[in-house]
Structure formats: C-alpha cells, structure tokens
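One-based numbering, in listed order, for ligands and for the atoms of each. Along the sequence shown, residues carry numbers from 1.
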Amino acid sequence: MTSQEIRKSFLDFFKSKGHTIVPSSSLMPDSPNLLFTNAGMNQFVPIFLGEQKCPYDPARATDTQKCIRAGGKHNDLEDVGMDTYHHTFFEMLGNWSFGDYFKKEAIDWAWELLTEVWKFPVNRMYATVYSPDKSLGDPSEFDQEAWNFWAEKFTSVGLDPSIHIVNGNKKDNFWMMGDTGPCGPCSEVHIDLTPDGDTRGSLVNAGSAQCIEIWNLVFIQFNANADGTFSPLPATHVDTGMGFERVCSIIQNTRNFPVLTG
Ligand code: GLY
C-alpha cells in the first residue's frame, strides 16, 4: 500500500464504523497550555470536558492530525536524529468516541484493522495496559478491563496473553495532553521488528527501534487539575493516536509483511 492508501484505509475503516471524517486542526492550538498541536485530541478538548456539545451523530470522529512535539509534556526533540522513529513533524491518525463506545469497541476495532485489514503478524504484536505504582501516588487502578479485552484477542489466535500483554506505569500508560486537561489510562500497541520476532515483550518500552509503539488507545475519564488532582469527567471517552509514518514504514519496508512474518 502507498502512504495515501494507508491513510485512506484508516479513515474508511472508521467511517464504516459510524465515524465522521473531520479535517486536521491547525498546528497552532486553542489550548493555552500547548506550544503546538501535539495530538489529534487537542481540537476536541471542549467536548471531552463537557463544555461543548458533540456535533457528530453518532458521537464519533476520525481524522489525520498534523502534530509537532517540541516542548511541554510530549517533547520529542531530544530523540529526533538520534533514532529512526521520532520526527519534528508527524501525522497522527485517530478515532474518537465522545461519551459513546468505550474500551471494548476501541480494542475490537484496533485489532480488526491491524490483523484483519492490514494483516499485521499477530505474533509480533504486544499490547500494554495501565498498572499504577500506588507507592508513587499514581492515579486510578490497574486496567483489568483492557487486559481482559486484549487477552481475549491474543487467546483467540493461540497466543499467550501473559506474554503479549505488558503492564506499564503512569509514565507509559496514563496519557495526559499536558499538565492539565483530559486524560486517562491507555493501552498501546507495539510491534516487534526483530528478524525472528521472538523477543516475548522484552523490548516493549525499552527505547529500541526494533520494537516500536504504533498506536495508543486512551480511555479518557479524568480532567487533570492545576493542583495535581484528577476529577472524573461527566462521561467516558476514547481518544486514539496512531503514528502514520511508523505504520507506513513498517508496511512498506516489509512489502506488506511477507518479508517479516516471523
Ligand atoms: N492522544 C493520544 C496520543 O497522543 O498518544
């Protein structure tokens, strides 16, 4: 697939699941706590916070968002030029639920797109789930619900969930746009790109170009307040972000996977 076909395939997939395709917002964000737009969800903050009514029916959207992460909470600048998968500018593909579907559908559709439509080799896929370190005061609880949904997926293809699901702490698995704003536990999808694809999760979140995150599914449930506390939001939401260039590089460099099937 060409990059245009990959982008279109993502948007068409979520359109077929009732999502409205919306344009990318400007790189200059409305949020006063951001330097540049750093994620697809930025333009939807007022909807997540319940300050604005969702204009989509059903309450779902999908897009590809231009992003720059050059400061603040998500600062990729130190990594640009040092590895092969951080860039000064990137496109983030995403799908959103505004108080509509939640973890089950988000995980079902991520699995369907990756394994059935794009044919990613399942043995090379790892999912992470939020496991707070309570001794450090991390918010919320272990995300058993997400673990169970991923476990069902890996078990259905004969893979061991205890190997293919990796727990992560607040730094890796509790996503916040900035120090304040909508946030929640997240589940990321990582792909093992080693020649044999047999690292059993050991490279997940280890800073290796041989195993990279391609998609983050955020389950937005809280607002982070300026005083460091977290307030539950009036509704629960889904906010996903997929690294378009990373997915293109994997699909294209493996010529749609025959080169890397494990
Ligand atoms: N909003 C999800 C992400 O940027 O990873």
Side-chain angles (χ1 to χ4, degrees), residues 10-11 14 19 22 24-27 29-31 33-49 60-77 79-80 85-103 105-107 109-110 113-114 126-130 139-140 143 146 166 168-191 204-205 207 212-224 230 233 235-247:
F10 182 97
L11 297 174
F14 282 104
H19 294 62
V22 302
S24 170
S25 64
S26 164
L27 269 173
D30 289 331
S31 302
N33 60 339
L34 293 179
L35 184 61
F36 295 109
T37 293
N38 69 358
M41 56 79 78
N42 294 171
Q43 64 170 311
F44 304 118
V45 167
I47 306 179
F48 291 135
L49 295 180
R60 305 171 186 185
T62 183
D63 80 5
T64 182
Q65 174 65 51
K66 348 179 224 297
C67 296
I68 293 181
R69 292 186 164 184
K73 197 160 192 63
H74 301 282
N75 184 1
D76 288 346
L77 267 192
D79 295 313
V80 174
Y85 54 102
H86 287 94
H87 305 285
T88 43
F89 169 91
F90 67 99
E91 266 184 62
M92 183 183 288
L93 295 162
N95 58 289
W96 289 274
S97 155
F98 306 105
D100 184 11
Y101 63 85
F102 202 40
K103 297 181 190 182
E105 293 84 347
I107 291 171
W109 292 337
L113 179 65
L114 291 174
Y126 293 88
T128 62
V129 299
Y130 179 54
S140 200
D143 197 346
V166 178
N169 60 12
K170 179 164 180 267
K171 179 180 144 294
D172 291 320
N173 282 90
F174 190 89
W175 198 83
M176 300 171 71
M177 174 184 91
D179 290 332
T180 56
C183 57
C186 62
S187 248
E188 298 174 340
V189 179
H190 294 244
I191 307 297
V204 169
N205 282 326
I212 60 171
E213 176 205 341
I214 56 160
W215 204 350
N216 187 14
L217 316 182
V218 187
F219 310 118
I220 293 202
Q221 287 165 252
F222 303 104
N223 184 50
F230 295 88
L233 291 171
T236 55
H237 313 276
V238 170
D239 154 39
T240 87
M242 170 183 276
F244 173 63
E245 293 80 1
R246 293 185 186 186
V247 164

Counterpart residues, side chain to side chain contact (heavy atoms under 4.5 Å, CB included), relative to I68 (two or more places apart)
L27, F36, A70, F89

According to the interplanar angle, ranging from 0 to 90°, do the rings of H74 and W175 count as parallel (below 30°), tilted (30 to 60°) or perpendicular (above 60°)?
parallel

How are the rings of F44 and W96 set relative to one another: parallel (under 30°), tilted (30 to 60°) or perpendicular (over 60°)?
tilted

Give the residues near ligand 1 by chain and number, with the criterion being a heavy-atom distance under 4.0 Å.
A39, M41, R69, M92, W175, N216, V218, D239

Sequence neighbours excluded, the answer for side chain to side chain contact (heavy atoms under 4.5 Å, CB included) partners of N223 is L49, P182, N225, L233

What residues, two or more places apart in sequence or in another chain, satisfy ring pair (Phe, Tyr, Trp, His ring centres under 6.0 Å) together with W215?
F10

Say whether, by atom type as modelled, one donor and one acceptor occur between the side chain of T128 and the main chain of V166 under 3.5 angstrom.
no

